[in-house]
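Below is one structure, written out as structure tokens; the observations come after it.
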Amino acid sequence: MAWTGAREAAARGGGEGDRMQEHYDFRRIEKKWQDDWDRRQAFEVEMDPGKPKYYCLVMFPYPSGEIHMGHCRVYTIGDVTARYKRMHGYNVLHPMGWDAFGLPAENAAIKHGKHPKDWTEANIARIKRQLHGLGIGYDWRREVTACYPDYYRWTQWLFLLMYRRGLAYRKKAPVNWCPECATVLANEQVVGGLCWRCDTPVVKKELEQWFFRITAYADRLLDDLALLEGWPERVRVMQENWIGRSHGAYIDFPLVPPAGTRPGAEARTGDARRVGATAADEGRVRVFTTRQDTLFGATYMVVAPEHPLVERAIREADPARAEELRRFRERARDLSEIDRTSDPAKEGLFTGLYCLNPGTGERIPVWTADYVLMEYGTGAVMGVPAHDQRDFEFARKYGLPVRVVIKGPDSPDLAEEMTEAYEGEGVMVDSGPFSGTPSEEGRRKVAQWLEREGLGKATTIYRLRDWLISRQRYWGAPIPIVYCDRCGVVPVPEDQLPVTLPHVVDFTPGESPLARVKEFVETTCPDCGGPARRETDTMDTFVCSSWYYLRYTSPGCEKAPFDKEAVDYWMPVDQYIGGIEHAVLHLLYSRFFTKVLHDAGMLRPVEPFANLLAQGMVTKDGAAMSKSKGNIVSPDEMAERYGADTARVFVLFAAPPEKDFEWTDAGVQGTFRFLRRVWRIVYDLRELAAKAPPGSVVPPAETAAGGGGLDDPNRALLRSAHRMVKKMTLDIDRRFNFNTAIAAAMEMLNDFYRYVENVPEAERSPAAVREALEKLVLCLAPFAPHITEELWRELGHEGSVHDERWPEWDEAYVETEEVEVAVQVNGRLRDRMVVPKGAGEEELREKALACARVGPFVEGKEVVKVVVVPDRLVNIVVR
RNA sequence: GCCGGGGUGGCGGAACUGGCAGACGCGGCAGACUUAAAAUCUGCUGGCCUCAGGCCGUGCGGGUUCGAGCCCCGCUCCCGGCACCA
């Protein structure tokens, strides 16, 4: 315990035995206290029903190669939050773990000839050391590593829970395939038609895959966003857009039998309904619309090129048209998602088929066009050119009729006069029995009518698709399913979990690497004992990350994914911190998991994360730090040159946490200067402070009664300290503005230096100096934990500064006896005056009018009015 | 196109609820200390002018108000999300 001497010396009041160094030796200090915290297991926590809990969580990282100041920023935000809450008496859970399954490990392994496990573990070890070096205080006993069997066993268990609850299913469907990653992707993982990881254009493939039925929770995921008041608006909006709920109706359009079989069918209104009601599925086309009120304006129909009706049209058409249709369909299929959706020219082709508008009973042509997507709605839309801009353009291009059925306040009466579709509300016209109905009411009425007549029904559809979780790669949790010739799809019984990922060496992609491992694939059926094959796909890593925050509450639990009592104590996460890139992905999946587990009775909360902070990026040379751009500033480099405390304070001081900021070396130096000044003020004043007992606080009455006022420098010093405490507390509590909180500490320090500069030693109050020093050190403790720990001991304390309570402020100090009041004439600042705090309006008015500088502006003018804001300003209005 | 966020000195950013715009930091300038430099400390630092003073100034144009960076109307530009979504 090398520091004992220094502490005793400080407590003795310095002198010849004083060993506090004048030099701020951050290397020595940081190492010393990091070791001390380890030894004392300072950040380990247990459930304690007697204390309020606080769960502070940073999104667990993917252990890739390089960590940089961007990571440093997130972990620092989390650590400051955790330490700050601890100082407020909370029982703080602040854990860390590893999102250790995933493609980069596999790709890096292929590239470097190393096994993904070794690569991952080496990275984990390095990042762990770096986090330690930053002084981040985690409860490492709770560390979870997603690629270890004791974790993924429960990921598999949760898959089975989904399966049991009908939420995991297998289906053949056109899915997103990334040729570069050689695997399928969930919809959320395709960004603008490109793979979210490697930016490769994604193609559609027809494959049989496993899905989670997240769409069953679409309404709750959407509606419960309203509960998330502690989330940034933009994240909620992104999820809202992603879920994309639309209210509307299905409408069945009866197909007109091939030409000649029913001549004149379209002539008699009413037939439509009979045909619609009796025809088999083959005999009608179902559309989805949000504007059923415009049904009578549907003059044609369009189906997606992939729609089964196109196949039928090809069968029934003459050879020339059939060939044309085939070509059209192939062209649409071969276009990538981006090409197809970025081309605004709406290409279409008549199929040769007709159907009946169930409203008007008229025969209308069925077209196919690439602007209709098979994936959304029913893959078929009714064409209402007068009231939908796309339909309008399509109709103009192909000479289809336009019929006005909604009359808005100033919409054209005649279709011929239209230059664009009228998409607004209005009154239904030319719509049979509905004519005269306001469009909003019309939507309700038409839906009711459709339902009554068996022609359709009101419905709600979503943009959200079910979550595709199969991955054709090696480095993931195996899907615990067995295929038996006799029993079919058989889930692996829970007592046989985990399905262990074999330690293969050939994981080159192409097909699922596990399919090549005979010992893995060949198994026996859990039901009949006969020969069976294992599922060889692994799970999307987002499955692993959808529940890790629950595992932290009871990481050793061997009977379940988590202990009920522990999860009830700790959940929900009080503060979640992470990147905005997960606004939809991870944050939506985790909300889904939480709701499923809630429904299964395993979890009380319906939402996992009460408050969310989406932190901004750290950029350098205008771009996010990344290995490929070569603009990385590493924490090691920072720790070596300036120390962890400087790195921590700088990343918080540079900008509010949710904003991006540009790294500057000069800014770091400024922060280092600040900490060195903190060090020196303690060094310079330690002997004086030692004359007052540690922890002493000056009662406000003492300086006030002693004739204090603005001119009493000791009182002014205390005021500065108390103001700092107040501002820092409010800035952190109200809005996580660490930047302005740190600025408040800097201001106080500036006052402190002015005090030292201006107040002769004989006039300095040891008690006031001690109180000011201690408040400064305490307030900086969460931000710069090492230097404050050292200084705290130098101030004569036995225990850790991190076990202390956050300081309080006293309004009696914060408030002053005198205030400066601005004097304006016609809203323009002309003078200032110092008056007693709380001075009356009349007094202020008179003093303001008497101000010397005010005179020339008032002279010879009529004073119309004097606005007085006590303690702030007086505005004299003249004419 | 729709939705969300934003535009403040040379730079990062402050400004509670409509009340002294530019806190704090960086950079710059000047001074002190030093043989000198670095470091440190102190002061100044939005622009302009006829400079003890005044005028202008928070993307642009209007409005409300005694008073607007903040509220209202109309634009504009930037960032993010969604997007032939029926």
Side-chain angles (χ1 to χ4, degrees), chain A residues 191-192 232-242 244-246 248 287-291 294 302 304 340-347 369-373 375-384 388-391 393-394 423 461-463 580-581 583-584 614 649-650 653-656 658-671 673-674 676-677 680 727 730-731 734 737 739-750 753-754 756-757 820-832 853 856 864-879:
Chain A
V191 182
E233 165 88 1
R234 62 177 169 151
V235 175
R236 292 195 308 232
V237 168
M238 279 189 228
Q239 293 212 356
E240 213 174 289
N241 288 341
W242 187 261
R245 181 161 64 190
S246 299
V287 304
F288 172 77
T289 180
T290 54
R291 292 298 302 270
T294 64
V302 202
R340 191 167 151 185
T341 52
S342 62
D343 181 12
K346 294 162 182 43
E347 295 292 330
D370 51 12
Y371 78 89
V372 178
L373 306 175
E375 297 83 48
Y376 187 78
T378 60
V381 299
M382 61 183 197
V384 185
D388 181 286
Q389 187 58 23
R390 282 162 316 179
D391 296 345
E393 286 162 24
F394 192 76
E423 296 184 331
I461 68 163
Y462 305 87
R463 216 183 69 92
I580 190 73
E581 67 273 18
V584 173
V649 173
F650 178 65
F653 178 64
E658 68 280 357
K659 277 190 76 166
D660 292 350
F661 80 87
E662 172 79 9
W663 183 266
T664 62
D665 289 327
V668 184
Q669 281 170 36
T671 305
R673 260 198 299 270
F674 165 62
R676 203 162 44 189
R677 275 159 62 84
R680 230 193 34 250
K727 177 141 175 62
L730 296 180
D731 282 353
R734 275 199 311 239
N737 274 11
N739 56 330
T740 52
I742 293 166
M746 289 173 166
E747 271 181 90
M748 192 266 160
L749 185 65
N750 289 341
Y753 271 84
R754 235 162 272 144
V756 171
E757 174 90 0
E820 199 180 60
V821 169
V823 182
Q824 298 180 333
V825 178
N826 285 349
R828 310 184 63 107
L829 181 71
R830 295 302 175 191
D831 206 351
R832 295 188 169 96
R853 290 199 186 147
V864 179
K865 184 174 175 182
V866 179
V867 181
V868 180
V869 183
D871 295 339
R872 313 249 6 197
L873 121 177
V874 177
N875 187 14
I876 301 162
V877 186
V878 298
R879 196 161 44 199

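Please read all numbers here as calculations on a predicted model, not as lab measurements. We name chains A, B, ... by the order of the sequence lines, and we start the count at 1 in each one.
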Assigned partner base of B:G1, Watson-Crick or wobble definition, under 3.5 Å:
B:C82
Candidates B:C3, B:A86, B:C20 - which lies nearest the side chain of A:A822
B:C20
Under a 3.5 Å cut-off for both distances, is B:G31 Watson-Crick or wobble paired, and to whom?
B:C41
Return the nearest nucleotide to the side chain of A:M746; candidates are B:G25, B:A86, B:G13.
B:G25
With a 3.5 Å distance limit and no angle check, can you tell me whether A:N737 reaches the backbone of A:T740 through a side-chain donor-acceptor pair?
no
Polar side-chain contact A:N875-B:C66 base: donor and acceptor under 3.5 Å:
yes
With sugar-phosphate meaning primed atoms plus P, OP1 and OP2, does A:Q389 contact a base, only sugar-phosphate, or nothing at under 4.0 Å between heavy atoms?
nothing
Assess whether a salt bridge exists between A:R390 and A:E393, defined as any Lys/Arg side-chain N lying under 4.0 Å from an Asp/Glu carboxylate O.
no
When the P atoms of B:C2 and B:C70 are compared, how many Å lie between them, rounded to an integer?
25 Å
What's A:Y376 touching, base or sugar-phosphate or nothing? Going by heavy atoms closer than 4.0 Å.
base
Across the strands shown, which category fits A:P232 at heavy-atom distances under 4.0 angstrom: base, sugar-phosphate, nothing?
nothing
Is the side chain of A:R677 donor-acceptor paired with the backbone N or O of A:M746 at a distance under 3.5 Å, no angle test?
no
Mind checking the C1' distance from B:U50 to B:G61? Whole angstroms is fine.
32 Å
May I have the distance from A:R830 (atom CZ) to B:C66 (atom P), rounded to whole angstrom?
19 Å
Checking understanding here: a glycosidic angle within 90° of 0 is syn, the rest anti, so what is B:G53?
anti
Check step by step if salt bridge (Lys or Arg N to Asp or Glu O under 4.0 Å) holds for A:E757 and A:R754.
CA-CA 5 Å; A:E757 174 90 0; A:R754 235 162 272 144; over 6 Å; no
Of all the nucleotides listed (B:G80, B:G19, B:A39), which has the minimum atom distance to the side chain of A:M238?
B:G80
Could I get the full list of ring-ring contact (aromatic ring centres under 6.0 Å, His included) partners for A:W242, not counting sequence neighbours?
none
Across the strands shown, which category fits A:V867 at heavy-atom distances under 4.0 angstrom: base, sugar-phosphate, nothing?
base
Donor-acceptor contact present, side-chain A:E423 to main-chain A:Q389, <3.5 Å:
yes
With nearest nucleotide decided by heavy atoms, which residue, A:K865 or A:E233, maps closer to the 5′ end of RNA chain B?
A:E233
From CG of A:D370 over to P of B:C84, roughly how many Å is that when rounded to an integer?
12 Å
Return the 5'-most residue of the pair A:R734, A:G667 with respect to RNA chain B, ranking by each residue's nearest nucleotide.
A:R734
When rounded to whole Å, the CD1 to C1' distance for the pair A:I876 and B:C20 reads 14 Å
Identify whether any heavy atom of A:V381 sits under 4.0 Å from a base atom; if not, whether one sits that close to sugar-phosphate; answer base, sugar-phosphate or nothing.
base
What is the distance from CZ of A:R673 to P of B:G25, rounded to the nearest Å?
10 Å
In whole angstroms, how far is the P atom of B:C24 from the CG atom of A:D731?
14 Å
What integer distance in Å separates A:D660:CG from B:G5:P?
17 Å
Just the rounded figure in Å: distance from P of B:C79 to CD of A:E662.
16 Å
Closest nucleotide among B:U40, B:C66, B:C16 to the A:R872 side chain
B:C16
Contact class for A:N739 (heavy atom, under 4.0 Å): base, sugar-phosphate, or nothing?
sugar-phosphate
Interatomic distance where CD1 belongs to A:I580 and P belongs to B:G6 [whole Å]
14 Å
Output the single nucleotide from B:C56, B:G25, B:C85 whose closest atom is nearest the side chain of A:R828.
B:C56
Counting the atoms with a prime plus P, OP1 and OP2 as sugar-phosphate, which does A:R245 contact under 4.0 Å by heavy atoms, base, sugar-phosphate, or nothing?
nothing
Pair of N/O donor and acceptor under 3.5 Å linking B:C20 base with A:R832 side chain:
yes
Side chain of A:F653, heavy atoms from C-beta onward: which of B:G4, B:G13, B:C24 has the nearest atom to it?
B:C24
Which nucleotide sits closest to the side chain of A:R390: B:C41, B:G25, B:C85?
B:C85
Hey, is B:C51 sitting syn or anti, using the within-90° cutoff around 0?
syn
Classify A:T289 by what it touches in the nucleic acid, base, sugar-phosphate, or nothing, heavy-atom distance under 4.0 Å.
sugar-phosphate
If pairing requires Watson-Crick or G-U wobble contacts with both distances under 3.5 Å, which nucleotide is the partner of B:G53?
B:C49
Heavy atoms under 4.0 Å, any strand shown: does A:G244 hit a base, just sugar-phosphate, or nothing?
nothing
Sugar-phosphate only, base, or nothing, as touched by A:T378 at under 4.0 Å among non-hydrogen atoms:
nothing
Under 4.0 angstrom, heavy atoms only, what part of the nucleic acid is A:Q824 near: base, sugar-phosphate, or nothing?
base
Base, sugar-phosphate or nothing for A:R463? Non-hydrogen atoms, less than 4.0 Å.
base
Provide the distance between the two C1' atoms, one in B:G13 and one in B:U64, to the nearest whole Å.
30 Å
For B:C60 and B:U45, measure between their C1' atoms and round to the nearest Å.
29 Å
Donor-acceptor pair, distance only, cut-off 3.5 Å: does the side chain of A:D388 make one with the backbone of A:G383?
no
Got a sec, which residues hit ring-ring contact (aromatic ring centres under 6.0 Å, His included) with A:F394, two or more places apart in sequence or on another chain?
A:Y300, A:W367, A:Y371, A:Y398
Say you pick atom P in B:G80 and the same atom in B:C29; how far apart are they, in whole Å?
37 Å
Would one find a side-chain N or O of A:N241 under 4.0 angstrom from OP1 or OP2 of B:G80?
no
Hey, is the side chain of A:R677 poking within less than 4.0 Å of OP1 or OP2 on B:U40, counting only N and O atoms?
no
